[in-house]
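The chains referred to below are lettered A, B, ... by the order of the sequence lines, with proteins before strands, and numbering in each begins at 1.
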Number of protein chains: 4
Amino acid sequence: MPDDFANSASNPEDASATQHFCAKRQQVLRGAEAVFLEHGYEGASMSQIAQRAKVSKGTLYNHFENKADLFAALIDELSRLKLATMFERISTPEGNCAETLVTAAAEFITILISPSPVGMYRIIVSEAPKFPHLADIFWRYGSGIVLRNMSAWLENESKKGNLAIDDPVFAAEQFFALCQTRIIQRRRLELPVDCSKAAIQEVARKTGDAFLKIYGPVQS
Amino acid sequence: MPDDFANSASNPEDASATQHFCAKRQQVLRGAEAVFLEHGYEGASMSQIAQRAKVSKGTLYNHFENKADLFAALIDELSRLKLATMFERISTPEGNCAETLVTAAAEFITILISPSPVGMYRIIVSEAPKFPHLADIFWRYGSGIVLRNMSAWLENESKKGNLAIDDPVFAAEQFFALCQTRIIQRRRLELPVDCSKAAIQEVARKTGDAFLKIYGPVQS
Amino acid sequence: MPDDFANSASNPEDASATQHFCAKRQQVLRGAEAVFLEHGYEGASMSQIAQRAKVSKGTLYNHFENKADLFAALIDELSRLKLATMFERISTPEGNCAETLVTAAAEFITILISPSPVGMYRIIVSEAPKFPHLADIFWRYGSGIVLRNMSAWLENESKKGNLAIDDPVFAAEQFFALCQTRIIQRRRLELPVDCSKAAIQEVARKTGDAFLKIYGPVQS
Amino acid sequence: MPDDFANSASNPEDASATQHFCAKRQQVLRGAEAVFLEHGYEGASMSQIAQRAKVSKGTLYNHFENKADLFAALIDELSRLKLATMFERISTPEGNCAETLVTAAAEFITILISPSPVGMYRIIVSEAPKFPHLADIFWRYGSGIVLRNMSAWLENESKKGNLAIDDPVFAAEQFFALCQTRIIQRRRLELPVDCSKAAIQEVARKTGDAFLKIYGPVQS
DNA sequence: TATGAATGAGCGTTCATTCAT
DNA sequence: CATGAATGAACGCTCATTCAT
């Protein structure tokens, strides 16, 4: 939320993110969110969206040029606000290193298997060839944020001698790759998988353990 | 093609995979493959498919009940034949353990970023809520095969003392999660990423190294 | 049209009959009337109707849910307005009894062999298994009206001693069955038949004579 | 049945009625009967007919030029065989005059409300504008037969002094018009109506009574 | 002859988009 | 700015009919 304002203030080029705070526009976006995430881009119809948003079909076109534009605006907004906000909460760069890794892993998994990010991932992956710009935004405000935070933290821990990392960016990517073991991957495919807190905690712990073994300082 | 016969011979239960060798049916499937993988399920139209397959629209319906059925048959065929064949080639269960890991990682990455598997992943992820059965097949004949092979091999290496693994299934999943670091993940989102052989080799090497650090035998 | 208001005023419950006076809706209904009565329900196509109504195909669906709904609305409207109006004009409950019978018979025949009622009869008979509700409406606002009027009149004449009828409802039904002798029956089958005024008058006269012989007061 | 052979022998012009006694052809006609009478001419599809007849679609076209020709052949056959046979059974030209009228009326009603004649009536009425020839055949071999028989019988009874009829053809038509009172008329519209034997008997009796009152000899 | 795959026109319906109100 | 009727192209699908086997 603070990032939203900060962002629009410091990045004057993307007027698109702040455009109007018009209530009708928000209504439309909420309808679009519900319908797009449920049915995909091609599967969603402007009539459905209008109905769900409780506005007329014409109103859609007063605020957005066409279906593609509405979709882009939605993904943009969801990435910058919803996703970014979720991810900002993750890194807690103080205290015990091993515990932090496990906590961060658990939080990352928990966020990524919740309905909205799963829906966003699905639609963005499937529309990536048609809307590469959106995949870019999704990445920058989604995984990107957390990757940047994480790599900075890793670098710091490395300096403190808690970890031995030469390429913190790649290490961060590996960490998040490991986080996706089992639960996230299967959830995205709607495969049956235990998503309980305990199951998440177990994957998180194994992820932390593994990461420490890869990058833990050599003990003599 | 030879694999096709092998497959149908060893799995006599899945008549669906071999159904007809009717040429027109194959034509339709190839048209469907091109159009579905390019435009997604909803984005593909039966007319396009007929055109691409160079058959009439009616012919589509002589071989498949409806769009969903054609789609299911296509994914089924692609998973069982194309994907499975690709993945069967991976495991090389002899020789040096560290080298095998790197080689397998490189092959896995190479396969997963090639156009067809990327397209399949996109369409299956996006249609998972509507076609959960297909995600299941895709998993079983895609990652599933390689996971099973890999976990068996890991168990074996563990017995030989080359690795120290207590949960080989989870370890295999972690290995493939690590393989997806950077290249695969970005490729699926159509993000700019270096897909050169060298880049793949680097990720593969780092993946092998990391895995060995996690599960390598404790050297005293 | 004036009858329309009368109708909607006296039957405040059937909002369906008066729904919109939207011009386009009327255009659609007139196109539907032309095409349905000419080609039957299954034989009529929505494209034809749109063309005849000089509207786009989409407009059809802005006013009616689907083909069946449009058909039902048309039959409903035709029965309540056109048919009912025609039949309301029949009964002339004053003057000489024998003459009234002949006049009513002639009017009834004349109405029932005119194009619209013949077309309606054909389509309703043929679609009765699929749209029983429409046959019911057609009967209630078609023959039903005239049957009710006629049986009331017969009862009255009976009381006056001009006729000797114990079951006026059945007698009315017999009267209209007799009216259908030759001309109406053949017309509905498109068989060659003399439909001249003279021919109608002759059947009407014979019908009146016959009815009087059946129900005329016993002359001592 | 005897009429069939007699007919085809004495009327060498209508080869169409006898064409083949080929079993396949009969199979096709039985399938066509089931489907046409259930769904109407436009509502029936050649595929349905082939399926119901348990032959291939191609076979339909080996025996009949097209859909219209198959339909015409079916109606022709049904009229000449089924309908005619049913109606031949009616007239019992001996014994008491009044009783004969009531019996004939009851038989006529019973036949006309049975499924096949109702279905035929529906489809022929609705397709009369498109297939006037079929309505003609239906009339000649349906009501026509019984009308001819009845008018001959009426003329005879008239000569015997049991009835006083100057136009026996018209009288016969009136008799059958009266027979259609209530039950037949409503049945054709699928309106709720009591079709029990008792109900039929009552209408038949009233019809006989009425007819006798119209044409009974003047009692002095 | 009997078959059923192939055809492409046409079906009922929905779509994204426009525009007069 | 909000509306929702109007549009016609395109959708998934079925049709009557043909023809190689």
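As a whole-Å value, the separation of C:Q51 CD from E:dG12 C1' is 16 Å. Computed from coordinates, the C:F64 CZ to F:dA6 C1' distance equals 15 Å when rounded to whole Å. Between the P atom of F:dG4 and the CZ atom of C:R25 lies a distance of 17 Å, rounded to the nearest Å. Counting to the nearest Å, the C1' atom of F:dG12 and the CZ atom of B:F71 are 16 Å from each other. For the pair B:I49 CD1 and F:dG12 C1', the interatomic distance rounds to 11 Å; values are reported in whole Å. With rounding to whole Å, A:H39 atom NE2 is found 10 Å from E:dC15 atom P.
Here the shortest heavy-atom pairing between D:L60 and D:M46 reads CD2-O, 3.3 Å.
Remark: side-chain polar atoms of D:K67 are paired, donor with acceptor, to backbone N or O of D:A44 under 3.5 angstrom. D:S79 contributes a side-chain N or O that, together with a main-chain N or O of D:I75, makes up a donor-acceptor pair within less than 3.5 Å. At distances below 3.5 Å, not a single donor-acceptor pair connects side-chain atoms of D:E190 with backbone N or O atoms of C:P129.
Separation of atoms CD1 (B:I123) and CD (B:E33) is listed at 10.5 Å; rounding is to 0.5 Å. If you take CG on D:N62 and NZ on D:K24, they are separated by 10.0 Å, rounding to the nearest 0.5 Å. Atom OH in D:Y61 sits 8.5 Å away from atom CG in D:L70 (nearest 0.5 Å).
In terms of position along DNA chain F, the nucleotide closest to A:L60 lies nearer the 5' end than the nucleotide closest to the other residue of the pair A:L60 and C:V55.
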Would you give a per-nucleotide map of nucleotides 16-21 of chain E, 5' to 3', where B means the base has a protein non-hydrogen atom under 4.0 Å away, S means only the sugar-phosphate does, and - means neither? BBB---

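Residue D:S56 has a polar side-chain atom (N or O) positioned under 4.0 Å from OP1 or OP2 of E:dT3. Distances shorter than 4.0 Å separate some side-chain N or O of C:H63 from OP1 or OP2 on F:dA6.
Ring-centre distance between B:F131 and B:Y41: below the 6.0 Å cut-off.
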Verify side chain to side chain donor-acceptor pair (under 3.5 Å) between B:Q48 and B:R52, making sure each step is shown before the conclusion. CA-CA 6 Å; B:Q48 272 179 293; B:R52 191 73 148 259; over 6 Å; no

What dot-bracket string describes DNA chain E from 5' to 3', counting Watson-Crick and G-U wobble pairs whose defining distances are under 3.5 Å, with [ ] for crossing pairs and | for pairs to another strand? .||||||||||||||||||||

